[in-house]
Every structure is written in structure tokens, then in C-alpha cells.
Amino acid sequence: VHEAERGERQLNRVLQTLATARSKSPYTLAQMLTLEAPYLQRGATLIIITPSTATDWIAETQILARRGIHPMCIFVDPHSFGSSVRTDDLKDSLRVAKIPFIPVHYYDDITAALEQRMHV
């Protein structure tokens with residue numbers, strides 16, 4: 001968890017954490033959202049960075065949105081990394097749930113990808 005700050009130092013801290021992040025949790029993304037929900041305050045922005053094509057976490061995210069949490073997803077598209085898993089269903093589910101997302105693909109310039117307009 002990184003507290004909100006401004007500036008390049010904060011960006012570097014977040015990018016450094018993401019570069020080495022690996023999930024060793026036995027919990028699914030949906031379960032993690034449920035477990036972390038009590039710690040999220042109304043008005044907070046929740047950024048979910050995931051390559052998961054499971055859709056069960058979307059329902060948990062909608063519950064958080066109804067509580068006044070502002071979710072957004074940075075979706076690391078596993079298909080673009082060579083996976084045979086298709087991602088159309090997940091993207092459609094995010095659109096239906098009105099959860100803003102940015103797809104990130106293999107070889108994307110990460111700065112340019114994150115500066116693009118979110119899909120809703």
C-alpha cells in the first residue's frame with residue numbers, strides 16, 4: 001500500500017513495486033477485494049492492475065462502487081503476451097459494469113498506454 005503523494009518520487013516508488021510484484025496469495029482477486037473492502041474509505045480511488053480474465057471480481061468491484069469507492073482497472077492483456085485466453089468477455093463485462101479500464105498490451109509504451117482515455 002502506497003499512500004497518495006505527488007511527484008516523480010512517488011511514481012518511481014509505485015513503478016518499482018509493480019516491476020517486482022508477484023502474487024503469492026491463495027486468494028482470488030474477488031476474495032482480495034472482499035478482504036480489503038473494510039479498509040477503503042468512501043471517495044477513495046481503487047486501481048486494480050490485473051491480467052485476470054475471471055469476471056467474478058467485477059461484481060465485488062461494483063459493490064465497492066456502490067459504497068462510494070471509485071474503481072478503475074488497468075488490464076494487462078494476457079492474449080497480447082501469447083496466451084490463448086481471449087479477453088473480449090472480460091472487456092465486455094467491464095463495459096456493462098461501467099468500470100473504467102485501460103488495456104495494456106505487450107510492447108505498449110507504458111506511459112502512452114496509461115495516458116490514453118479510459119474505456120467505459
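Interatomic distance, His105 NE2 to Asp77 CG, rounded to the nearest 0.5 Å: 4.0 Å. With rounding to the nearest 0.5 Å, the separation of CG in Asp92 from OG1 in Thr55 is 11.0 Å.
Within the 4.5 Å cutoff, no side-chain heavy atoms of Asp89 are placed close to those of Thr53. Using a 4.5 Å heavy-atom cutoff, the side chains of Tyr27 and Leu33 are not in contact. The shortest distance between side-chain heavy atoms of Thr50 and Trp57 falls below 4.5 Å. By the 4.5 Å heavy-atom criterion applied to side chains, Thr61 and Ile69 are not counted as neighbours.
Note on Val85: it does not cluster hydrophobically with Tyr106, by side-chain heavy-atom contacts below 4.5 Å among ILVMFWY residues. Note on Phe75 and Tyr107: separate hydrophobic clusters, where clusters join Ile, Leu, Val, Met, Phe, Trp and Tyr whose side-chain heavy atoms are under 4.5 Å apart, directly or indirectly. At a threshold of 4.5 Å between side-chain heavy atoms, the hydrophobic network of Ile, Leu, Val, Met, Phe, Trp and Tyr places Leu46 and Leu29 in one connected group. Ile102 and Ile47 fall within the same hydrophobic cluster, defined by Ile, Leu, Val, Met, Phe, Trp and Tyr side-chain heavy atoms under 4.5 Å apart, directly or through other members. Residues Phe81 and Ile110 are members of one and the same hydrophobic cluster, defined by side-chain heavy-atom contacts under 4.5 angstrom among Ile, Leu, Val, Met, Phe, Trp and Tyr.
Ionic pairing of Lys91 and Asp88 is not present here: no N-O contact between side-chain nitrogen and carboxylate oxygen is shorter than 4.0 angstrom.
Thr28 places a side-chain N or O within donor-acceptor distance of the main-chain N or O of Gln31, the cut-off being under 3.5 Å. Looking at Arg42, its side chain does come within 3.5 Å of a backbone N or O of Arg67 through a donor-acceptor pair.
When all heavy atoms of Met32 and Ser25 are compared, the pair lying nearest together is SD-OG, 3.9 Å. Between Leu90 and Ala54, the shortest heavy-atom contact is CD1-O, 3.5 Å. Across all non-hydrogen atoms, the minimal contact from Ile99 to Pro71 is CG2-O, 4.4 Å.
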